[in-house]
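Below you'll find the structure, written out as structure tokens, and then a few comments.
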Amino acid sequence: MIKAEYIWIDGTEPTPLLRSKTKVVETVEDLPIWGFDGSSTNQAKGEASDCVLRPVCTVPDPVRGGDAVLVMAEVLLTDMTPHPTNTRAALAAAVEEFAAQEPWFGIEQEYTMFKGSRPLGFPEHTGYPAAQGPYYCGVGSDDIYGRPIVEAHLDVCLKAGIELSGINAEVMPGQWEFQVGPLGPLEVSDKLWLARWLLHRVGEDFGVSITLDPKPVRGDWNGAGAHTNFSTKEMRESYDAVIAAAEALGKNADHHVANYGAGIEHRLTGEHETAPYHEYSYGVSNRGASVRIPWQVAQDGKGYLEDRRPNANCDPYTVTRLIVETCCPALATLA
Ligand code: ADP
Ligand code: MN
Ligand code: MN
Ligand code: MN
């Protein structure tokens, strides 16, 4: 018998949580539709509590090992239509419409590790560590906190076949990042949710909790984002297309920011390597802009752009859908 961990996104507001439970199955071919009690996840009323889980992405379960699998599932109503909290369904529709443009995404997931009520590296009861400066990509016990957890997470993601492209320590102590992609919009989003689940799960083994809070410590401490790197086939061949995408994002900026994660106004202040949430800007190499065009892209005259606005707690199904829906029609009129 094989353990299949069905993972789904709940209805907690304003930021949903991951949930999961185990189904013991005889085979992982054609994993069945399953269900759960939506009245316990803010997804249904008690008198009509059943919600449906439909598998969308299955990978080896590196924590349990053996034949076990992790199953990312989407939530449906009992009539098999998407549940209102199912943001993947809308992305799937956008992907179909713009598939010919071959959109790719690479997402940089930042997160913060907490022990009790304080980030790793913060003094246990009161006060603050030394100011930011040495922590980003640092080495040594004065500056680095939680590396064994980060390494364990990298290992399980790679074992699961999740396409991590790198990891790094971030600007605030206890804050780290991993990158997923580049992959298509559905793939990058499914894999990012699975990688998030694995991060929380690995944290359990170390007695450390993970938060995707975009501003876990107020004041002069960096927030946590999910920089979203984007290209289409045309952008990978032409700099004009990269600029056209950056311009298109500027025409729909408020709508994007409003859907890039709860509490974004606390993070996009204009300080700590962000642009203010109410102003749109783009520029080459500029980490104070909403959208950055990497210098290498400007030099090569082709490539991708980085939307720096999404919060760490964003929903990648929604972020990638908005970018596709805003940029792809604009790019289609270029040629
Ligand atoms: P930063 O300098 O912003 O910290 P990172 O190295 O953390 O950059 O992340 C860069 C991301 O861009 C990676 O996830 C990578 O997969 C992604 N990426 C690279 N090329 C492309 C591309 N052509 N389209 C979309 N994403 C890309
Ligand atoms: Mn990065
Ligand atoms: Mn970063
Ligand atoms: Mn970045």
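Owing to the predicted nature of the structure, the values given are computational and were not obtained by experimental measurement. Order of appearance sets the numbers: ligands from 1, and atoms from 1 within every ligand.
- Here the protein heavy atom with the shortest distance to atom 10 (C) of ligand 1 is Asn229 ND2, 3.7 Å.
- At least one N or O atom of Gln179 sits closer than 3.5 Å to an N or O atom of ligand 1.
- Test Arg64, Lys21, Arg201 against Glu5 for side-chain hydrogen bond (donor to acceptor under 3.5 Å, both in side chains) and you get one pass: Arg64.
- Of all protein atoms, those of element N, O or S that lie under 2.8 Å from the Mn ion (ligand 2) number 2.
- At a heavy-atom cutoff of 4.0 Å, ligand 1 is contacted by no atom of Glu163, backbone or side chain.
- Across His266 and Lys215, no two heavy atoms sit closer than the pair O-CD, 3.6 Å.
- The atom name of the N/O/S atom in Glu170 closest to the Mn ion (ligand 3) is OE2.
- In terms of protein heavy-atom proximity, atom 7 (O) of ligand 1 is nearest to Glu177 OE2, 3.0 Å.
- The pair Asp67-Lys3 does not count as a salt bridge, with every side-chain nitrogen at least 4.0 angstrom from each carboxylate oxygen.
- Between Pro182 and ligand 1, an N or O atom pair is found at a separation short of 3.5 Å.
- Looking at Thr333, its side chain does come within 3.5 Å of a backbone N or O of Ala330 through a donor-acceptor pair.
- Between Tyr304 and ligand 1, not a single N/O pair is under 3.5 Å apart.
- Closest to atom 13 (C) of ligand 1 among all protein heavy atoms lies Ser165 OG, 3.8 Å.
- Taking the centre of each ring, Trp176 and Tyr135 stay at or above the 6.0 Å mark.
- A donor-acceptor distance shorter than 3.5 angstrom exists from the side chain of Asn42 to the backbone of Gly11, with no hydrogens or angles considered.
- Residue contacts with ligand 1, taken as heavy atom pairs separated by less than 4.0 Å, involve Glu306 solely via side-chain atoms from C-beta onward.
- In this structure, the protein non-hydrogen atom closest to atom 1 (P) of ligand 1 is Glu108 OE1, 3.5 Å.
- For Phe230 and Phe105, the gap between ring centers is short of 6.0 Å.
- Here the side chain of Thr228 pairs a donor or acceptor atom with the backbone of Ala226 at under 3.5 angstrom.
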Name every donor-acceptor pair, under 3.5 Å, that has one atom in a side chain of residues 318-326 and the other anywhere in the protein, sequence neighbours excluded.
unit_1 : atom_1 : unit_2 : atom_2 : d
Thr320 : OG1    : Pro316 : O      : 2.8
Arg321 : NH1    : Glu325 : OE1    : 2.9
Thr326 : OG1    : Asn252 : ND2    : 3.0
Thr326 : OG1    : His256 : NE2    : 2.7
Thr326 : OG1    : Leu322 : O      : 3.0

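- Of the possible donor and acceptor atoms, none in the side chain of Tyr280 sits under 3.5 Å from a partner among the backbone N and O of Tyr277.
- With atom 22 (C) of ligand 1 as the reference point, the heavy atom nearest to it among Ser231, Gly181, Gly303, Pro294 is part of Ser231.
- Of the possible donor and acceptor atoms, one in the side chain of Asn313 sits under 3.5 Å from a partner among the backbone N and O of Ala262.
- For ligand 1 and Arg287, the ligand atoms under 4.0 Å from any heavy atom of the residue are 2 (O), 3 (O).
- Under a 4.0 angstrom heavy-atom cut-off, Met235 registers as lying outside contact with ligand 1.
- In this structure, the side chain of Arg118 engages the main chain of Pro123 through a donor-acceptor pair within 3.5 Å.
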